[in-house]
There are 4 protein chains.
Amino acid sequence: MIPDSDSDGRRRRQRRKAARPQEIIASALELFVDRGFAGTKLEDVARRAGVSKGTLYLYFESKEALFQAVVQEMVLPELARVEQEVREFDGSAAVLLQRLVNHWWDVVGETRLCGLPKLMIAEAANFPEQARFYVEQVIDRARRLFAAILEKGIRQGEFREMELSVAVRVLMAPLVFAAIWERSLAPFDKECCDVREYLEFHLDTFLRGIAAETPVKRNG
Amino acid sequence: MIPDSDSDGRRRRQRRKAARPQEIIASALELFVDRGFAGTKLEDVARRAGVSKGTLYLYFESKEALFQAVVQEMVLPELARVEQEVREFDGSAAVLLQRLVNHWWDVVGETRLCGLPKLMIAEAANFPEQARFYVEQVIDRARRLFAAILEKGIRQGEFREMELSVAVRVLMAPLVFAAIWERSLAPFDKECCDVREYLEFHLDTFLRGIAAETPVKRNG
Amino acid sequence: MIPDSDSDGRRRRQRRKAARPQEIIASALELFVDRGFAGTKLEDVARRAGVSKGTLYLYFESKEALFQAVVQEMVLPELARVEQEVREFDGSAAVLLQRLVNHWWDVVGETRLCGLPKLMIAEAANFPEQARFYVEQVIDRARRLFAAILEKGIRQGEFREMELSVAVRVLMAPLVFAAIWERSLAPFDKECCDVREYLEFHLDTFLRGIAAETPVKRNG
Amino acid sequence: MIPDSDSDGRRRRQRRKAARPQEIIASALELFVDRGFAGTKLEDVARRAGVSKGTLYLYFESKEALFQAVVQEMVLPELARVEQEVREFDGSAAVLLQRLVNHWWDVVGETRLCGLPKLMIAEAANFPEQARFYVEQVIDRARRLFAAILEKGIRQGEFREMELSVAVRVLMAPLVFAAIWERSLAPFDKECCDVREYLEFHLDTFLRGIAAETPVKRNG
DNA sequence: TATGAATGAGACTTCATTCAT
DNA sequence: AATGAATGAAGTCTCATTCAT
């Protein structure tokens with residue numbers, strides 16, 4: 001059968017059109033993260049996405065709307081994926097934590113998403129709406145992932161009793177901080193150390209720190 | 001001697017004049033932290049400092065120069081003070097760490113300086129010069145303070161052997177992160193927990209995590 | 001003969017195609033009148049005409065060309081029709097005037113043409129070419145219609161002697177003004193009075209005002 | 001006494017500053033009348049007022065706000081002046097009308113205010129708020145002036161009974177139309193007649209048309 | 001020293017026009 | 001013939017910076 005060139009062409013065009021918003025969002029994320037919202041010119045976003053200034057306005061009503069799209073459309077799909085994969089984890093709580101931390105860095109730390117925490121921190125005061133969204137839809141969901149594992153560890157006797165909400169924050173802080181640091185001051189840090197090593201040290205120390213206290217005694 | 005009322009007035013005015021740059025810098029810090037560099041209008045800085053727009057230019061050549069002054073003149077005096085006080089600390093390494101962490105939060109966490117980390121992270125890419133300065137003159141000096149204590153603890157047999165540069169980063173990350181968080185997303189976090197409690201948990205866990213291994217006791 | 005369905009379809013399409021320019025012109029007139037030339041977006045013209053933006057350019061070279069078409073193609077056919085009908089009028093000059101005024105409002109006042117005077121007045125300075133065309137081809141022709149009747153009335157002794165060019169302007173001013181008002185400020189006029197009543201009063205007063213002075217006859 | 005040059009200088013500056021808005025409004029009126037609101041560039045308004053683009057925004061929040069100021073601040077002072085002068089008129093109703101018409105053309109027809117009717121007619125649909133203001137605060141007030149005189153004439157037996165609201169509209173239409181015409185199509189009208197002559201003819205005809213019908217008395 | 005009116009470069013945004021499909 | 005995505009010139013508006021007072 002002869003392929004219908006017309007419908008084919010339209011399909012290709014539409015595929016291109018459908019991809020545009022994502023390309024623009026990706027460009028915007030890069031620049032917003034690097035230069036901040038106010039410091040980013042839409043002309044640069046357009047150039048980086050390979051379109052003209054006017055084209056941005058076919059897909060986003062304003063610079064603010066583009067910011068909103070960056071926050072919402074970048075993060076939710078990734079987050080859902082992480083949650084799904086975490087659900088399939090198996091093993092002791094300590095092993096689960098290790099996997100989650102490594103996985104988190106694979107997915108968030110080393111992709112474009114890495115910049116989002118920095119961006120939200122920098123622009124929170126200027127975009128209260130988005131800040132609230134980010135805390136509730138991203139941070140809180142991540143906290144729940146970690147909290148579930150800690151709780152499981154406590155139930156299984158691997159970890160000592162602790163205030164979960166505090167522990168989760170302490171556990172996550174170095175992770176998020178690593179992402180922030182990578183996209184901000186790391187390039188100016190001469191003795192920048194390896195992130196994986198840093199994460200490993202953190203996790204190792206943290207696990208020792210929350211280990212159930214000497215099961216030997218209990219048995220004694 | 002008859003007090004020269006005129007010279008008195010002049011002195012008061014000069015005192016005020018001498019304070020001007022500091023008032024401007026303080027205003028600028030607040031706004032830069034809140035809104036970012038590009039998002040801050042000099043008119044707002046001026047209004048907050050109680051001077052006119054033109055007056056800013058009597059003290060600072062440009063907006064960039066004001067940013068530089070904010071970074072350099074806010075931080076160095078405070079930092080020197082912290083270092084001095086730390087030198088006078090005494091006790092076990094664990095106790096010293098505890099004191100430093102608490103002291104750090106007293107001085108940095110709960111004053112206007114609290115915003116500086118957030119500001120530098122947000123503007124690093126736009127101000128490489130200042131970013132380098134901040135990493136070298138602030139971050140690195142703080143690292144040295146913490147490293148010295150960790151090293152002392154290892155020497156004294158309180159802490160196990162560890163890679164210092166990594167350990168220091170892990171130890172500091174939650175501290176710096178707390179400061180950043182307070183000035184950014186904390187207002188949007190419903191379950192915001194108490195910082196002191198968070199710091200205490202972190203330090204406690206960390207100290208357990210790096211405690212020298214004392215198998216003897218377990219067996220005893 | 002077997003009806004050629006294909007040629008039939010083509011004919012229908014061509015009929016539709018032939019109507020396109022008129023539909024576009026009608027849409028443009030409405031919007032130009034409402035919002036002015038610069039205030040009208042071609043996208044809105046297209047939407048109102050039920051075509052796409054690009055289609056406009058198949059029929060009109062530019063926005064300016066469309067304006068020109070609006071002025072020229074709307075008015076000439078109508079005007080010719082009015083002139084033809086006036087030629088068929090019969091009766092005393094006063095009756096003719098009455099018929100012309102009413103006819104004028106039937107044709108111009110209560111159709112889409114009503115907006116044209118307002119449009120030309122608003123855009124005259126921006127479109128000198130069209131303004132000249134409008135004055136010469138529309139206004140002047142209308143003046144000639146009225147002038148002919150006035151002249152006839154004078155010849156027949158119905159009206160007193162007068163400067164025709166002035167009288168025609170005074171006679172027409174309230175007519176044109178009514179059309180302008182209807183399409184502009186009338187919606188904001190709470191005590192908007194009935195146009196027919198207004199026209200009747202005008203004509204009645206005007207006819208009394210130019211009546212030949214024959215007090216003798218009245219008394220006779 | 002030596003004049004205080006400083007206070008003098010300030011006074012001169014302030015006088016200049018106080019005059020700025022009026023200069024800008026006058027420039028804007030001219031251009032809005034000529035080219036319409038959307039067709040007028042703020043840069044041209046600024047150039048004509050002898051200031052820079054940015055200066056406009058020291059005095060007017062937006063282009064819309066400037067339009068509003070043009071409508072409101074141009075017309076009210078002039079209108080009040082006319083009303084005051086009319087109150088001082090004296091004589092028969094016919095004479096008063098004559099004075100008012102001539103006065104109206106002196107003040108409105110031959111000054112910059114002349115353009116306002118055209119502007120309002122052109123922009124009514126785009127500025128409903130201003131349109132309503134104009135009808136209520138300008139048109140209606142003018143109608144009341146004319147209505148009062150007609151009523152007086154009727155009471156005094158000079159004019160026949162008539163529906164005042166209609167009569168006033170018919171009386172005013174040629175006046176307003178003259179102003180509109182002058183600022184729009186007149187430059188393209190080859191046989192443009194003298195306005196004073198036109199007004200005189202209108203008034204003369206109108207007065208004859210509304211004269212009380214008492215031919216008997218004249219002869220009696 | 002201090003002011004704040006004035007400036008104009010540069011940003012965001014709109015929309016007439018083009019062109020591949 | 002018809003579409004509508006894409007373009008970029010041009011307009012509105014902001015704000016760092018200057019300067020007369």
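In what follows, chains carry the letters A, B, and so on, assigned in the order in which the sequence lines appear, proteins first and then strands, with residues in each chain numbered from 1.
One can place CD of Glu23(D) at 14 Å from C1' of dA6(E), the figure rounded to the nearest angstrom. Residue Arg47(C) contributes atom CZ, which lies 13 Å from atom C1' of dG4(F) at whole-angstrom precision. Distance, Leu66(B) CG to dT17(F) P: 10 Å, rounded to whole Å. Rounding to whole angstrom units, CZ of residue Phe67(C) and C1' of dA16(E) are separated by 17 Å. Per the geometry, CG belonging to Asp44(A) stands 8 Å off P belonging to dA11(E), to the nearest Å.
Although no hydrogens or angles enter the test, the distance criterion places a donor-acceptor pair under 3.5 Å between the side chain of Glu123(C) and the main chain of Phe37(C). In this structure, the side chain of Thr55(A) does not engage the main chain of Val51(A) through any donor-acceptor pair within 3.5 Å.
Within a 6.0 Å sphere centred on CD of Glu129(D), other residues, nucleotides and ligands contribute 12 heavy atoms or fewer. Counting heavy-atom neighbours within 6.0 Å of Arg112(C) CZ, excluding the residue itself, gives a total of 12 or less.
Here dT21(F) sits opposite dA2(E) as a Watson-Crick or G-U wobble pair (both hydrogen-bonding atom distances under 3.5 Å). The pairing partner recorded for dC15(F) is dG8(E), the criterion being a Watson-Crick or G-U wobble arrangement whose two distances lie under 3.5 angstrom.
Here Tyr59(B) reaches the OP1 or OP2 of dA2(E): one of its side-chain N or O atoms lies under 4.0 Å away.
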*For every nucleotide of nucleotides 7-12 of chain F, 5' to 3': is a protein heavy atom under 4.0 Å from its base (B), only from its sugar-phosphate (S), or from neither (-)?*
BB-BSS
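Closest heavy-atom contact between Ala38(B) and Gly39(A): CB-N, 3.8 Å. Contact record, Gly115(D) with Val33(D): O-CG2, 3.4 Å, taken as the closest heavy-atom pair.
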